[in-house]
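By convention in this document, chain letters (A, B, ...) are assigned in the order of the sequence lines, proteins followed by strands, and residues within each chain are numbered from 1. Computed from a prediction, not measured in an experiment: that's the story for all the values here.
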Protein chains: 2
Amino acid sequence: MSHHHEIVEALQQIGYRLTPQRMMILDAIASGDGHTSAEEIHEAVRAAYPYLDISTVYRTLGLLKALHLVSETDLGSGHAQYELLSKGLHHHLICRECGGILDVDNSFLNPLRQAIDQEHDFHAEIEHLAIFGMCNACNANLRG
Amino acid sequence: MSHHHEIVEALQQIGYRLTPQRMMILDAIASGDGHTSAEEIHEAVRAAYPYLDISTVYRTLGLLKALHLVSETDLGSGHAQYELLSKGLHHHLICRECGGILDVDNSFLNPLRQAIDQEHDFHAEIEHLAIFGMCNACNANLRG
DNA sequence: TGTCAAGTGCAATTCTGTTGCAGAAACCAG
DNA sequence: CTGGTTTCTGCAACAGAATTGCACTTGACA
Ligand SMILES: [Mn+2]
Ligand SMILES: [Mn+2]
Ligand SMILES: [Zn+2]
Ligand SMILES: [Zn+2]
């Protein structure tokens with residue numbers, strides 16, 4: 001099922017310690033269906049291990065972010081949500097009217113990446129983009 | 001020089017009241033060179049009018065956001081920065097290494113917008129995007 | 001098994017942003 | 001110009017996500 005044990009072992013090889021907290025936090029992120037908040041991760045792990053502190057969650061997420069193993073994105077709630085990047089690169093369309101979230105294949109971003117690379121000599125790291133706007137249904141409804 | 005008086009009068013016509021606070025807040029945003037934080041706006045106006053409260057700044061910014069008159073973007077500092085959209089649509093490339101910020105013409109986003117529109121029937125409102133990555137100079141330095 | 005740097009829990013704190021409410025003031029009609 | 005209505009502001013308290021200092025614990029490695 002989830003192949004995040006590779007991630008854990010990769011962490012160890014870079015020099016980070018393999019603690020039960022880190023494994024449980026990774027478990028929690030991997031077992032959810034994406035877009036998990038720090039608080040949700042905290043609660044999920046606490047169900048089995050009540051001593052886990054929220055600061056450990058944030059510190060672990062910071063580590064995983066720095067290593068580009070998880071994405072951190074605000075999808076409209078006002079706080080960050082986390083998702084394993086190893087599940088496959090993708091992006092999202094979020095309707096400001098109904099709140100609906102659509103998935104966008106990563107390939108849609110390639111033309112933008114290439115243009116930026118060619119015209120600005122800049123390597124864009126677009127890992128998990130939240131694009132806001134209006135979905136078709138809502139757009140139609142607002143006319144009647 | 002700054003043409004934000006049009007904005008003020010437009011506000012009035014939609015039914016909003018023309019208060020000195022709103023005018024001073026708009027002045028502050030317009031006279032800065034873009035990317036102003038709520039706290040900076042607050043301090044700038046307070047220099048002339050010490051009674052202005054930060055909540056009034058946030059409420060005004062919320063109004064201007066809802067009317068798509070200002071953009072609200074986190075460019076890496078962790079808090080929101082505001083900029084008049086009437087100054088012309090553009091986006092930014094932000095280097096994670098050196099913190100440098102480049103400007104990107106809005107036309108770079110058109111292919112993405114069109115693809116999203118055609119494939120997902122979704123109207124993307126990309127008004128002021130912050131794209132993180134690595135600039136050419138930093139990329140070269142990291143090899144030596 | 002012992003050493004020690006890295007990591008954790010705890011509690012306090014920071015900081016951005018929000019909210020309820022009473023009084024002030026913009027707007028409009030007369 | 002005046003009075004009435006409604007929006008807006010200032011104030012103060014609050015919310016809640018995220019951070020930090022510090023003592024203690026523990027994973028890694030010899
Ligand atoms: Mn996602
Ligand atoms: Mn800008
Ligand atoms: Zn919708
Ligand atoms: Zn750079």
Given C/dG17, D/dA18, D/dT9, the nucleotide with the shortest approach to the side chain of B/A38: C/dG17
Nucleotide D/dC8, atom P - distance to CE of B/M23 in whole Å: 14 Å
Presence of A/Y58 side-chain N/O under 4.0 Å of D/dA18 phosphate oxygens OP1/OP2: yes
Sugar-phosphate only, base, or nothing, as touched by B/L52 at under 4.0 Å among non-hydrogen atoms: sugar-phosphate
A/D74 (side chain) donor-acceptor with A/S77 (main chain) under 3.5 angstrom: yes
side-chain contact (heavy atoms from CB on, under 4.5 Å) partners of B/A115, counting only residues at least two apart: A/F108
Distance in Å, B/L109 CG paired with B/I131 CD1, rounded so as to fall on 0.5 Å steps: 6.0 Å
Sugar-phosphate only, base, or nothing, as touched by B/E39 at under 4.0 Å among non-hydrogen atoms: nothing
Net bend of the helix from C/dT1-D/dA30 to C/dG30-D/dC1, end axes of five pairs each, nearest 10 degrees: 40°
Length of the line joining B/E9:CD and C/dA26:P, which is rounded to integer Å: 17 Å
N or O in side chain of A/Y51 less than 4.0 angstrom from C/dG7 OP1/OP2: no
Side-chain-base donor-acceptor pair under 3.5 Å for B/R17 and D/dT6: yes
D/dG27 base / A/R22 side chain donor-acceptor hit below 3.5 Å: no
Side chains of B/L64 and B/I29 in contact at under 4.5 Å (non-hydrogen atoms): yes
Short side-chain N/O contact to D/dG10 OP1/OP2 from B/T56, under 4.0 Å: yes
Sugar-phosphate, base or nothing in reach of B/P50, heavy atoms under 4.0 Å: nothing
Separation of atom CE in B/M24 from atom P in C/dA26, rounded to whole Å: 11 Å
Cluster overlap B/I14 with B/L84, hydrophobic side-chain contacts below 4.5 Å: yes
A/H123-A/D117 side chain donor-acceptor pair, cut-off 3.5 Å: no
Whichever of B/L18 and B/D53 has its nearest DNA chain C nucleotide further upstream toward 5': B/D53
B/Q21 side chain near D/dG10 phosphate (N/O to OP1/OP2, under 4.0 Å): yes
Spacing of OH belonging to B/Y82 relative to NZ belonging to B/K65, to within rounding of 0.5 Å: 5.0 Å
Rounded distance in Å - CD1 (B/I14) to P (D/dC8): 12 Å
DNA chain D contacts among residues 70-81 of chain A, heavy-atom distance under 4.0 Å: A/H79, A/A80
C/dG17 base / B/R59 side chain donor-acceptor hit below 3.5 Å: no
Donor + acceptor pair across side chains of A/D103, A/H92 (<3.5 Å): yes
Sugar-phosphate, base or nothing in reach of B/S55, heavy atoms under 4.0 Å: base
Nearest heavy-atom neighbours spanning B/M134 and B/C95: CA-SG, 4.0 Å
Phosphate contact (C/dT8 OP1 or OP2) by A/T19 side-chain N/O below 4.0 Å: yes
Point-to-point distance, once rounded to the nearest 0.5 Å, from CG of A/N141 to SG of A/C135: 8.0 Å
